[in-house]
Amino acid sequence: MRVKKWGVGLVLTAAVLLTGCTAAAEEPADEKPAATAEETTAPESDCPELSEGATVDGTALGTCITEAMTDTAGYAAKTSILGMDTTARYNPETKAVETITPMGSLIVIGDDAWVKSATSEWQVADPNSPDPIIASLSSGAAAASQADPATAAGALTGEFTVTGMGTRLGQDVYVLTGTSEAQGVAVDVTFEVTSDYVVLATSGTTEAAGQSIETSLEITEWDVAQDIVAPI
């Protein structure tokens with residue numbers, strides 16, 4: 001498969017835009033034993049009770065989601081962006097993210113990042129690498145932590161309406177739909193959240209340079225510690 005240099009960077013940037021984020025997540029709470037999504041501690045702020053037909057301000061929704069999703073031992077997710085399927089793991093306590101794409105893998109811990117292609121060893125991220133895949137993965141590393149749904153919710157705008165109910169990971173979820181602005185781009189977003197504002201799935205659609213961009217994210221493990229360490 002021919003890979004353009006900007007491939008992974010575009011994919012991860014699209015994830016950021018489609019979840020409406022540029023803001024950083026709040027400091028995480030101390031690690032605690034694993035629990036189900038239903039057992040997660042509710043956000044401390046005055047978050048509105050969710051019910052079908054209710055409308056929630058995007059800024060308030062984002063705050064509630066961020067608080068709920070940083071109060072966890074960790075979580076894993078699978079994402080589809082521009083037809084590319086990726087898997088990711090998140091550790092809020094160490095601000096660590098591991099992402100595996102068809103092109104390669106990347107790990108971000110705080111301000112440090114490492115990447116590897118399918119045929120290379122791990123190396124420090126280098127956006128100027130002569131290897132186009134390494135350069136693309138390195139560029140994507142800057143956006144990887146922002147694609148974390150806990151972080152992504154931090155810059156939501158607009159209004160969201162509870163349009164229905166569903167089930168994820170054995171938990172009841174509220175389906176909220178609305179339009180948010182991200183970096184001047186209108187993004188149609190759907191969240192599936194528990195009553196405690198834990199996001200268990202999202203999807204988004206926007207248009208950039210005349211191209212429709214769609215993404216979806218599904219949490220596959222919630223409140224399970226994720227051991228993400230520096231590879232070298």
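Between the side chain of S120 and the backbone N or O of S117 there is at least one donor-acceptor pair closer than 3.5 Å. Judged purely by atom type and a 3.5 angstrom limit, T66 uses its side chain to pair as donor or acceptor with the backbone of G62.
Residues satisfying the salt bridge (Lys or Arg N to Asp or Glu O under 4.0 Å) criterion with E218, sequence neighbours excluded, are K78, R168. Partners of D85 according to the side chain to side chain donor-acceptor pair (under 3.5 Å) rule, which considers only residues two or more places apart in sequence or in another chain, are S80. Take E207 and apply the side chain to side chain donor-acceptor pair (under 3.5 Å) test, not counting sequence neighbours, and it matches no residue. Residues satisfying the side chain to side chain donor-acceptor pair (under 3.5 Å) test with T179, not counting sequence neighbours, are D188. In this view, F160 and F191 satisfy the ring pair (Phe, Tyr, Trp, His ring centres under 6.0 Å) rule, not counting sequence neighbours.
When all heavy atoms of A113 and A141 are compared, the closest pair comes out as CB-CB, 3.9 Å. What you find for Q226 and N91 is that their closest heavy atoms are O-ND2, 3.0 Å.
Considering CG of D71 and CG of D223, their distance stands at 7.5 Å, rounded to 0.5 Å. Interatomic distance, I100 CD1 to L106 CG, rounded to the nearest 0.5 Å: 9.5 Å. Within the model, atoms CD of E181 and OG1 of T157 stand 6.0 Å from one another, a figure rounded to the nearest 0.5 Å. Taking OG1 of T86 as the reference point, atom CD1 of I81 lies at 5.0 Å (rounded to 0.5 Å). Rounding to the nearest 0.5 Å gives a distance of 12.0 Å between CG of L169 and CG of D172. Distance check, rounded to the nearest 0.5 Å: OG1 of T194 to CD of Q171 gives 7.5 Å.
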*Check the pair L176, L50 against side chain to side chain contact (heavy atoms under 4.5 Å, CB included), reporting the backbone distance first and the verdict last.*
CA-CA 10 Å; L176 292 96; L50 297 174; 4.2 Å; yes
_One pair to check against side chain to side chain contact (heavy atoms under 4.5 Å, CB included): V198 and I219. What are the steps and the verdict?_
CA-CA 10 Å; V198 172; I219 301 297; over 6 Å; no
*Take V173 and V193, measure what side chain to side chain contact (heavy atoms under 4.5 Å, CB included) needs, and give me the verdict at the end.*
CA-CA 5 Å; V173 293; V193 306; 5.9 Å; no
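Both I228 and W122 belong to a common hydrophobic cluster when Ile, Leu, Val, Met, Phe, Trp and Tyr are linked at side-chain heavy-atom distances under 4.5 angstrom. Y197 and V175 are members of different hydrophobic clusters when ILVMFWY side chains are connected at heavy-atom separations under 4.5 Å. There is a path of hydrophobic side-chain contacts, each under 4.5 Å, that joins M84 to V115. Under the 4.5 Å side-chain heavy-atom criterion for ILVMFWY residues, a single connected hydrophobic cluster contains both V189 and M165.
Screening residues 98-118 for salt bridge (Lys or Arg N to Asp or Glu O under 4.0 Å), with sequence neighbours left out, gives R89-E98.
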